[in-house]
Enquirer: 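Structure below; questions to follow.
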Protein chains: 2
Amino acid sequence: MAQLRREDVLAGALDLVDAEGLDALTMRKLAASLHVQAGALYWHFDCKRALVDAMAERLAAGVGGPVATGGGTWDEQLTELAVRLRKALLAHRDGARVVTETACAAGGANTLLVGRTSTELLITAGFPPEQATWLTFALIHYVLGQTMGEQARAEFAARGGPGTAQAATASEEEGNEAYRRLRASAQSADPDEQFAYALSVFLDGIKHRLP
Amino acid sequence: MAQLRREDVLAGALDLVDAEGLDALTMRKLAASLHVQAGALYWHFDCKRALVDAMAERLAAGVGGPVATGGGTWDEQLTELAVRLRKALLAHRDGARVVTETACAAGGANTLLVGRTSTELLITAGFPPEQATWLTFALIHYVLGQTMGEQARAEFAARGGPGTAQAATASEEEGNEAYRRLRASAQSADPDEQFAYALSVFLDGIKHRLP
DNA sequence: ACCTGAACACCGTTCAAGT
DNA sequence: ACCTGAACACCGTTCAAGT
């Protein structure tokens, strides 16, 4: 076995998360999968957090790149950007959680680039810089939240989590049960369709607000 | 010291999170703060996850309640609902994380009620049930994401996290640095204003999509 | 019914010492 | 430069035994 490169650690971490989920990502398990002792990983990464940050950067690679392939309008390009981000998050198990944990506070070059590209599109469209960044944040947070919820449901289904707190009073529970069914049926629909719909609604709002 | 009630454990957990953040919430620390052994907590809660679920339920209490206080229009009521949710999340440190970890997959009676109320408002407004639930999800995910980002930044500032992955090439870093400044200045503005703006834009989109 | 004491099977991280 | 071995200071969870 050749010497371990930082690159190999990153790839091993992604593989482990894909195979067992983010909660199973452990420095010790990762080390074992790379046939190395746990301490060895700290030569390549300062701490676990730095490793997860690097994973987020890897996931976001390319997403913020140029969008003007077909010379579409700015709102088509913004839609394309959101769809690319979502696709990137879905490419790996728990991908949205990986990016959210890191991007909300710090954010590396690739995750920053996504926000930057969106903001530039909105400024070009005519928004003041401040509003452009606000709408960018809203858009990215929506994509992250929606996709995280989707993946969380997948994890929940895969494992079968513990019960849901406790029961409420009978009357409340009755109405909520009806809503639960409605929600479940709505979610059995194509998640991509759901995402595309809400995204287009938000973009409609942005278009109508254009100064 | 009287006997420990489930209620006391919940209150102690909320206090601990407020004082030290969600990452510091540990069954052992919580037990110590209640002057009890760690194992004792498992009499009141099946596992840590169940405790956090109960915390989320507590945070969401009342948010989904009736909104028609002033007889406003449906979109005013929906705005009020979103504002109430946000306020509830901000009432406790890491509140958005607490609710997100639990609500994305399972969801207790109170968290369900928020979605139910929103969906009913949109159905009353004229949306088909399926679209009403989709827009509800989008709205809630936006509120959760935006607030979580805000609180994550607060945590980051309070502690000073580890560095941001690694440097990119000089040209990339230059443009991103400019964006980073823009973003920072936009975020130094009032978060409530930022939230209200993006929320009204999304609601504009919803109004224009009304069948 | 409610809690203690003590254990089990893990964690992330550090660091001398090896090669 | 890169890794091992072994430790340190923690975790969540379980469970006999006490009261």
Side-chain angles (χ1 to χ4, degrees), chain A residues 1-14 16-17 19-56 94 97-98 101-102 105-106 155-156 159-163 165-166, chain B residues 1-14 16-17 19-56 94 97-98 101-102 105-106 155-156 159-163 165-166:
Chain A
M1 173 67 73
Q3 212 177 255
L4 202 64
R5 296 163 307 159
R6 184 187 165 93
E7 195 47 42
D8 301 321
V9 178
L10 200 49
L14 258 349
L16 183 55
V17 169
E20 305 189 37
L22 183 58
D23 289 332
L25 176 62
T26 271
M27 298 304 267
R28 298 171 116 101
K29 279 192 195 170
L30 176 55
S33 81
L34 295 167
H35 306 291
V36 111
Q37 298 299 313
L41 301 178
Y42 290 84
W43 178 261
H44 301 279
F45 290 94
D46 282 345
C47 57
K48 187 181 177 182
R49 170 71 196 264
L51 172 62
V52 177
D53 284 354
M55 291 169 69
D94 282 328
R97 259 178 82 198
V98 169
E101 291 202 352
T102 207
E155 292 298 313
F156 187 75
R159 306 181 186 191
Q166 75 258 32
Chain B
M1 173 67 72
Q3 213 177 254
L4 201 64
R5 296 163 307 158
R6 184 187 163 94
E7 194 46 42
D8 301 321
V9 178
L10 199 49
L14 258 350
L16 183 54
V17 169
E20 306 189 35
L22 183 57
D23 289 333
L25 176 62
T26 271
M27 298 305 266
R28 298 172 117 99
K29 278 193 197 170
L30 175 57
S33 81
L34 296 167
H35 307 290
V36 112
Q37 297 299 313
L41 301 179
Y42 290 84
W43 178 261
H44 301 279
F45 290 94
D46 282 346
C47 58
K48 186 181 179 181
R49 171 70 197 264
L51 173 62
V52 177
D53 284 354
M55 292 169 69
D94 282 328
R97 259 178 83 199
V98 168
E101 291 201 354
T102 206
E155 292 298 313
F156 187 75
R159 306 179 187 194
Q166 76 258 31

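Naming: A, B, ... by sequence-line order, numbering from 1 per chain.
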Enquirer: Choosing from D/dC2, D/dG12, C/dC3, which nucleotide comes nearest the side chain of B/Lys48?
Expert: D/dG12

Enquirer: Within this structure, what is the SG-CG distance for the pair B/Cys47 and B/Leu41, rounded to the nearest 0.5 Å?
Expert: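 Between B/Cys47 SG and B/Leu41 CG, I get 12.0 Å after rounding to 0.5 Å.
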
Enquirer: Which nucleotide, in any strand shown, forms a Watson-Crick or G-U wobble pair with C/dC10, with both distances under 3.5 Å?
Expert: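 Matched C/dC10 with nothing under the 3.5 Å cut-off.
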
Enquirer: Out of C/dC3, D/dC3, C/dT13, which has the shortest distance to the side chain of A/Val36?
Expert: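 Minimum distance to the A/Val36 side chain belongs to D/dC3.
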
Enquirer: With a 4.0 Å cutoff (strictly under), does any side-chain N or O of A/Trp43 reach OP1 or OP2 of D/dC3?
Expert: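 Answer is no, no contact under 4.0 Å.
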
Enquirer: Return the nearest nucleotide to the side chain of B/Arg28; candidates are C/dG12, D/dT4, D/dG12.
Expert: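 Of C/dG12, D/dT4, D/dG12, D/dG12 is nearest to the side chain of B/Arg28.
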
Enquirer: Just by modelled atom types, is the A/His44 backbone N or O under 3.5 Å from a matching donor or acceptor in the A/Arg6 side chain?
Expert: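 Side chain of A/Arg6 to backbone of A/His44: a pair is present.
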
Enquirer: Apply the test side chain to side chain contact (heavy atoms under 4.5 Å, CB included) to residues B/Met55 and B/Leu25: give CA-CA distance (whole Å), side-chain angles for both, the deciding distance (0.1 Å), then the verdict.
Expert: CA-CA 12 Å; B/Met55 292 169 69; B/Leu25 176 62; 3.9 Å; yes

Enquirer: In whole Å, what is the span from the CE atom of A/Met27 to the P atom of D/dC8?
Expert: 21 Å

Enquirer: Starting from P on D/dC15, measure out to CG on B/Asp46 and report it in whole angstrom.
Expert: 13 Å

Enquirer: Quick one: A/Leu25 CG to C/dC11 P, roughly how many Å, whole number?
Expert: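 Rounded to whole Å, this separation is 11 Å.
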
Enquirer: Does a side-chain N or O from B/His35 land closer than 4.0 Å to OP1 or OP2 of C/dC3, or not?
Expert: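 For B/His35, the contact criterion (side-chain N or O under 4.0 Å from OP1 or OP2 of C/dC3) is not met.
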
Enquirer: Just the rounded figure in Å: distance from C1' of D/dA1 to CZ of A/Phe45.
Expert: 17 Å

Enquirer: Between A/Lys29 and A/Gly39, who's closer to the 5' end of DNA chain C by nearest nucleotide?
Expert: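 Nearest nucleotide further toward 5': that of A/Lys29.
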
Enquirer: Counting only side-chain heavy atoms from C-beta out, which of C/dA1, D/dG12, C/dG12 sits nearest to A/Tyr42?
Expert: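 Among C/dA1, D/dG12, C/dG12, the one nearest the side chain of A/Tyr42 is C/dG12.
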
Enquirer: To the nearest Å, give me how far apart CZ (A/Arg49) and P (C/dT13) are.
Expert: 11 Å

Enquirer: What is the distance, to the nearest angstrom, from the CD atom on A/Gln3 to the P atom on D/dA1?
Expert: 11 Å

Enquirer: Could you grab the distance from atom CG of A/Leu16 to atom CD of A/Glu20, nearest 0.5 Å is fine?
Expert: 5.0 Å

Enquirer: Say you pick atom P in D/dA9 and the same atom in C/dA9; how far apart are they, in whole Å?
Expert: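 Rounded to whole Å, the distance is 22 Å.
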
Enquirer: I need the CG-P distance between A/Leu41 and C/dG12, as an integer number of Å.
Expert: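 Between P of C/dG12 and CG of A/Leu41: 10 Å.
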
Enquirer: Can you figure out which of D/dT13, C/dT13, C/dC3 approaches the side chain of B/His44 most closely?
Expert: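 Within the option list, the nearest is C/dC3.
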
Enquirer: Whole angstroms only, please: what is the CG-P distance between B/Asp8 and C/dA1?
Expert: 19 Å

Enquirer: Can you tell me the base-pairing partner of D/dA16? Count Watson-Crick or G-U wobble geometry only, both distances below 3.5 Å, and say none if there is no partner.
Expert: C/dT4

Enquirer: Starting the side chain at C-beta, find the nucleotide from C/dG5, C/dT14, C/dC3 nearest to B/Gln37.
Expert: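 For the B/Gln37 side chain, the nearest candidate turns out to be C/dG5.
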
Enquirer: From B/Phe45 CZ over to B/Leu10 CG, what is the distance, rounded to the nearest 0.5 angstrom?
Expert: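 Rounded to the nearest 0.5 Å, the CZ-CG separation comes out at 5.0 Å.
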
Enquirer: Within less than 4.0 Å of OP1 or OP2 of C/dG12, is there a side-chain N or O belonging to A/Thr26?
Expert: yes

Enquirer: Return yes when atom CG of A/Asp46 has more than 12 non-hydrogen atoms of other residues, nucleotides or ligands closer than 6.0 Å, and no otherwise.
Expert: no

